[in-house]
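One-based numbering, in listed order, for ligands and for the atoms of each. Bear in mind the structure is a predicted one, so any value in this text is a computation, not a measurement.
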Amino acid sequence: MWARELAVSAPGKVILHGEHAVVLGKVALAVALDLRTFLRLRPGAEGRLSVSLPGVGVLRSWDTPGLWALRGRICLNSPLLASIADFDESKSPSVEQLDALREFAGIAAGASAPESLATLAFLYMCLAISAKYGDVPSVDIVVWSELPTGAGLGSSAAYAVCLAAALLMVCGAISCPLQEGESTARWTEEELTLINSWAFRGERVIHGNPSGVDNAVGTWALWDSLPPVASRVPTLRILLTNTKVPRSTKVLVAGVKEKILKFPAIMNPVLDSIDAISQECQSVLEAMPANPSPEHYPVLEEFFDINQHHLNVLGVGHPSLDRLCQVTASHSLHSKLTGAGGGGCGITLLPPDTSPLAVEAAKQDLCACGFECWETKIGAPGVTLHSCSSLSAQVLHALTQS
Ligand SMILES: Nc1ncnc2c1ncn2[C@@H]1O[C@H](COP(=O)(O)OP(=O)(O)OP(=O)(O)O)[C@@H](O)[C@H]1O
Ligand SMILES: C[C@@](O)(CCO)CC(=O)[O-]
Ligand SMILES: [Mg+2]
């Protein structure tokens, strides 16, 4: 039985360099964004598990005996499916497991709509975590996000990190670190490692073949291979633009893989060059003083331009992103896509000597294209547990209306 009402949040991310290449083991520069996904957890009706995902239009509720019976059937009927009980965090969700869950939830085979993937990831994590750590108690879960869904800012990972933390906590696999009277708390390093590994499995349901960079940023706030950079990155000013062109990370990652298999001699050098950009960019950021002056920026701007061309070569560009780059170039600003590309978001570097008028004019031109843009603060805490009373009125309202 779960008796408390609490909230969990996790940040989205911005990738400066290394998207797609990181799936193939190259370096990525990624940092947390001050836009978050929030999950509210509260005791539910006895014997029921409910989930509301207003961002993707999901409102579902299941009898827990039915869910545990499904878990038993999956485990007993097929040796292929036995691994859901004999659980190991490093294993992928199997095709058979996902098919059984789809059938149970009434999701058509091959359905890749946001609501189908979000429901599938929820059911998968719920059953797999409960198989390993004990039944998920009767709770109502609501997940709402400040992040645009499917726009390159790590919304899938923030969702998976919140689910992993909440489900592991209600099953007793990790502690509930928030003492009465406290507003926020974080888990221990060991618990964060467990949250991250389960979030990665959730990402696999949504993405197919994720690198793990997005869920690591959602958990720890930095991509842990690059701790020195994160302390410097907050000094960069970035304009974030959402082209609002929908796309799927899963499809784009699969497309890049296909291209590399088709033209390895042509594509592998491109990936090596992206890797070199990430590493050179890291060196430049490390060499910058705490308050960088304008002369440090031209090289960062060139890296944006070169990488944007490379990402086009990988096949993850889009006319809307070309437009974004052209519009900002007309204001002498440099941009690249961020995340999986194919639409979604782009980032524009704002050197310290950029006049507020130029930023305002660029924003107006971008909005005139139908895009949405805002200046971002890069750098935010990783997965966090909150008392509901400490949430802002806007977040609380969004979580209680659902
Ligand atoms: N707030 C949310 N509630 C429920 N599901 C969500 C939410 N946000 C994202 N998702 C799930 O994540 C999917 C989008 O993931 P996808 O990886 O394609 O985009 P992204 O994570 O926003 O971008 P990127 O991976 O490039 O950073 C949606 O289809 C949905 O299944
Ligand atoms: C495109 C990609 O590199 C970043 C998506 O945010 C995919 C991944 O790392 O899993
Ligand atoms: Mg994603």
Side-chain angles (χ1 to χ4, degrees), residues 9-33 35-40 51-60 107 111-125 141-163 199-200 202-218 223 240 242 244-257 271 274-275 278 307 311 314-316 318 337-347 398-399 402:
S9 75
K13 60 90 224 282
V14 163
I15 298 186
L16 291 178
H17 290 292
E19 46 274 277
H20 290 288
V22 68
V23 177
L24 295 133
K26 311 292 186 194
V27 170
L29 297 182
V31 279
L33 187 62
L35 295 175
R36 303 181 77 81
T37 294
F38 293 85
L39 179 154
R40 189 197 63 188
V51 64
S52 167
L53 311 172
V56 294
V58 169
L59 182 58
R60 304 277 312 244
I107 297 171
S112 60
E115 61 274 22
S116 306
L117 293 175
T119 306
L120 204 57
F122 176 80
L123 279 176
Y124 175 77
M125 289 175 77
I141 287 176
V142 180
V143 185
W144 172 84
S145 189
E146 295 169 335
L147 293 158
T149 301
L153 302 181
S155 72
S156 59
Y159 172 61
V161 170
C162 285
L163 277 184
F200 181 58
E203 269 279 80
R204 278 192 152 157
V205 176
I206 296 172
H207 261 223
N209 181 29
S211 64
V213 63
D214 293 4
N215 49 275
V217 174
W223 178 225
L240 194 54
N242 187 359
K244 298 193 195 158
V245 172
R247 81 306 165 278
S248 146
T249 300
K250 183 177 185 169
V251 170
L252 289 151
V253 168
V256 171
K257 184 175 173 192
L271 295 171
I274 293 177
D275 191 47
S278 298
N307 200 0
L311 288 161
L314 292 183
V316 298
H318 187 272
L337 68 83
T338 187
C345 286
I347 48 176
L399 287 171
S402 314

Worksheet entry | Where ligand 1 meets D214 - atom numbers and elements under 4.0 angstrom, heavy-atom basis | 25 (O), 27 (O)
Item to complete: Give yes or no for whether the N/O distance cutoff of 3.5 Å, strictly under, is met between A340 and ligand 1.
Response: yes
Worksheet item: Between A151 and ligand 1, does any nitrogen or oxygen pair lie at a separation below 3.5 Å?
Response: yes
Worksheet item: Which parts of the protein, at residue level, reach under 4.0 Å of ligand 2 through a heavy atom?
Response: K13, I15, E19, H20, V22, V23, H207, P210, S211, V213, D214, V253, G339, A340
Worksheet item: With atoms numbered from 1 as shown, which atoms in ligand 1 lie under 4.0 angstrom from a non-hydrogen atom of A118?
Response: 4 (C), 5 (N), 31 (O)
Discussion item. Going by side chain to side chain contact (heavy atoms under 4.5 Å, CB included), S278 matches just one of L16, V22, I15, V27. Which one?
Written reply: V27
Discussion item. Are V217 and V14 packed together at the side-chain level, in the sense that at least one heavy-atom pair is separated by less than 4.5 angstrom?
Written reply: no
Worksheet, complete the sentence: Nearest non-hydrogen protein atom to atom 10 (N) of ligand 1, with distance, is T149 CG2, 4.1 Å
Worksheet, complete the sentence: Smallest heavy-atom separation, G154 atom then L147 atom, equals O-CD1, 4.4 Å
Worksheet item: Heavy atoms, side chains only, cut-off 4.5 Å: are R40 and W144 in contact?
Response: no
Worksheet item: Under 4.5 Å between any side-chain heavy atoms of V253 and H20, yes or no?
Response: yes
Discussion item. If the contact criterion is a heavy-atom separation under 4.0 Å, does T37 count as touching ligand 1?
Written reply: no
Discussion item. Just to confirm my numbers, could you give the angle made at the Mg ion (ligand 3) by OG of S156 and NE2 of H207, rounded to 10°?
Written reply: 90°
Discussion item. I'd like to know whether ligand 1 has K250 as a neighbour, heavy-atom separation below 4.0 Å.
Written reply: no
Response to the item:
Closest non-hydrogen atoms of L271 and L24, given as atom of the first, atom of the second and distance, are CD1-CD1, 3.8 Å
Discussion item. Need the ligand 1 atom indices (1-based, order shown) with element for anything under 4.0 Å from a heavy-atom of L153.
Written reply: 23 (O), 27 (O)
Worksheet item: Quick one: does G55 get within less than 4.0 Å of ligand 1, heavy atoms only?
Response: no
Worksheet item: So, do F122 and I141 sit near enough that their side-chain heavy atoms are less than 4.5 Å apart?
Response: yes
Worksheet item: Short N/O distance, under 3.5 Å, between S155 and ligand 1?
Response: yes
Worksheet item: Of all the non-hydrogen atoms in the protein, which one sits nearest to atom 27 (O) of ligand 1, and at what distance?
Response: K13 NZ, 2.6 Å
Item to complete: Look at atom 17 (O) of ligand 1 and say which protein heavy atom is nearest, naming residue and atom and giving the distance to 0.1 Å.
Response: H207 NE2, 2.8 Å
Practice prompt. Give yes or no for whether the N/O distance cutoff of 3.5 Å, strictly under, is met between G154 and ligand 1.
Written response: yes
Discussion item. I'd like to know if the side chain of S52 and the backbone of L59 have a donor-acceptor N/O pair within less than 3.5 Å.
Written reply: no
Discussion item. For atom 2 (C) of ligand 1, what's the nearest protein heavy-atom neighbour? Residue, atom name and distance, please.
Written reply: Y159 CD1, 4.4 Å
Practice prompt. Of all the heavy-atom pairs spanning A160 and E203, show the shortest one and how long it is.
Written response: CB-N, 4.1 Å
Discussion item. So is R247 touching ligand 1 or not, going by heavy atoms under 4.0 Å?
Written reply: yes
Response to the item:
Here the pair of heavy atoms bringing A118 nearest to Y159 is O-OH, 2.8 Å
Worksheet item: For ligand 1, is there an N or O atom under 3.5 Å from any N or O atom of G339?
Response: no
Discussion item. Counting C-beta onward and ignoring hydrogens, is there a side-chain heavy-atom pair between D214 and T249 closer than 4.5 Å?
Written reply: no
Discussion item. Looking at N215 and A157, would you say the former's side chain and the latter's main chain have a donor-acceptor pair under 3.5 Å?
Written reply: no
Worksheet item: Of the non-hydrogen atoms in V56 and E115, which two are nearest, and what is the gap between them?
Response: O-CB, 3.2 Å
Practice prompt. For atom 13 (C) of ligand 1, find the nearest protein heavy atom and state the residue, atom name and distance (0.1 Å precision).
Written response: I206 CG2, 3.8 Å
Worksheet item: Looking only at non-hydrogen atoms, which of S52, A158, G152, S156 approaches atom 21 (O) of ligand 1 most closely?
Response: S156
Response to the item:
Looking only at heavy atoms, the pair that brings K13 and G152 closest together is NZ-O, 3.3 Å
Fill in: Atoms in ligand 1 with a heavy atom of L117 nearer than 4.0 Å
31 (O)
Discussion item. Just to confirm my output: which protein heavy-atom neighbour is closest to atom 16 (P) of ligand 1, and how far is it?
Written reply: T249 OG1, 3.3 Å
Practice prompt. Taking the side chain as every heavy atom from C-beta outward, state whether K26 and I274 have any pair of such atoms under 4.5 Å apart.
Written response: no
Worksheet item: What about G150: any of its N or O atoms under 3.5 Å from an N or O on ligand 1?
Response: yes
Practice prompt. Report yes if the side chains of V142 and P54 come closer than 4.5 Å at any heavy-atom pair, otherwise no.
Written response: yes
Worksheet item: Can you tell me if E19 uses its side chain to pair, donor with acceptor, with the backbone of A340 under 3.5 Å?
Response: no
Worksheet item: Any side-chain heavy atom of K257 sitting closer than 4.5 Å to one from V23?
Response: no
Worksheet item: Tell me: protein heavy atom nearest atom 1 (N) of ligand 1, and distance?
Response: S145 CB, 3.6 Å
Worksheet item: So which protein heavy atom does atom 29 (O) of ligand 1 come closest to, and at what separation?
Response: P114 CA, 3.1 Å
